[in-house]
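Working notes, beginning with the structure itself.
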Amino acid sequence: YESGVTVFALVVAATDKGVSTQRSNMSSILIVVDDVNDHSPVLSSSVVGTVDELFPIGSIVANVSVFDGDSGLNRLVSFSLENTLVASWFKVDDNGVVRTTQSLVGKGPFISFL
């Protein structure tokens with residue numbers, strides 16, 4: 001679908017089986033092929049971030065890139081942090097930007113968050 005034809009224009013003819021005279025008529029049909037959500041999002045690569053505990057709140061610590069081979073609304077993705085402890089320290093926005101949400105002082109010099 002994503003790289004092929006998405007609209008087909010057809011002409012359908014109907015002819016009766018008249019004995020003396022056959023009658024016919026034609027009609028145009030436009031068929032629109034809708035995309036289905038048949039591709040999973042693919043992250044570009046593993047992201048590893050090193051976070052200094054003195055980073056101010058709101059600091060960008062990573063950018064996550066993703067590609068989805070679908071089209072239209074099926075191409076849109078959202079991000080979330082699955083670990084609830086980590087999700088309290090960081091947030092990821094709709095563009096895949098990961099930021100600190102609180103001070104990391106006392107949480108260690110290195111935190112693995114993805």
Side-chain angles (χ1 to χ4, degrees):
Y1 171 87
E2 284 73 26
S3 61
V5 176
T6 59
V7 177
F8 295 92
L10 307 173
V11 176
V12 176
T15 305
D16 66 20
K17 300 289 183 181
V19 177
S20 61
T21 306
Q22 290 184 334
R23 305 271 183 202
S24 64
N25 201 348
M26 291 187 277
S27 180
S28 298
I29 300 174
L30 188 64
I31 299 174
V32 178
V33 180
D34 287 333
D35 181 39
V36 295
N37 194 10
D38 56 344
H39 292 91
S40 297
V42 177
L43 295 170
S44 59
S45 63
S46 295
V47 177
V48 177
T50 301
V51 181
D52 186 303
E53 68 180 352
L54 297 177
F55 273 18
I57 296 171
S59 295
I60 295 174
V61 295
N63 285 294
V64 180
S65 298
V66 66
F67 173 78
D68 191 307
D70 290 309
S71 63
L73 293 177
N74 291 331
R75 183 181 207 108
L76 301 178
V77 298
S78 63
F79 297 92
S80 64
L81 298 173
E82 299 299 311
N83 180 310
T84 56
L85 175 62
V86 171
S88 69
W89 298 339
F90 302 95
K91 69 177 179 180
V92 58
D93 67 19
D94 291 337
N95 297 313
V97 177
V98 181
R99 298 177 187 271
T100 57
T101 58
Q102 61 179 274
S103 171
L104 302 177
V105 174
K107 295 187 173 57
F110 177 79
I111 299 168
S112 174
F113 55 89
L114 295 176

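Note that CZ of F55 and CG of L104 are 9.0 Å apart. Values are rounded to the nearest 0.5 Å. Taken to the nearest 0.5 Å, the CG atom of D93 stands 7.5 Å off from the NZ atom of K91. Within the model, atoms CG of D16 and CD of Q22 stand 6.5 Å from one another, a figure rounded to the nearest 0.5 Å.
Looking at every heavy atom in both residues, D70 comes nearest to R75 through O-NH1, 2.9 Å. In plain terms, the two heavy atoms of N95 and F79 that are nearest each other are C-CE1, 3.8 Å. Heavy-atom minimum distance, A13 versus M26: CB-CG, 3.8 Å. For T101 against S88, the heavy-atom pair with the smallest separation is OG1-O, 3.0 Å. Across all their heavy atoms, S28 and V11 have their closest contact at OG-CG2, 4.3 Å.
I57 and V61 are members of different hydrophobic clusters when ILVMFWY side chains are connected at heavy-atom separations under 4.5 Å. Cluster membership check: L81 does not share its hydrophobic cluster with I60, using side-chain heavy-atom separations under 4.5 Å among Ile, Leu, Val, Met, Phe, Trp and Tyr. Transitive grouping of hydrophobic side chains (ILVMFWY, heavy atoms separated by less than 4.5 Å) keeps F67 and V98 in distinct clusters.
Put simply, the side chain of T100 gets close to the backbone of G58: a donor and an acceptor are under 3.5 Å apart.
The local environment of CG in L73 is sparse, with at most 12 non-hydrogen atoms from other residues, nucleotides or ligands closer than 6.0 Å. Atom CG of D94 is surrounded by 12 or fewer heavy atoms from other residues, nucleotides or ligands within 6.0 Å.
In this structure, F8 and L30 have side chains that are not in contact, with every pair of non-hydrogen atoms separated by 4.5 Å or more.
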N74/D68 under side chain to side chain contact (heavy atoms under 4.5 Å, CB included): CA gap, chis, key distance, verdict: CA-CA 8 Å; N74 291 331; D68 191 307; 5.7 Å; no

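When each of N63, V64, V92 is paired with V97, the side-chain contact (heavy atoms from CB on, under 4.5 Å) condition holds for N63 and for no other.
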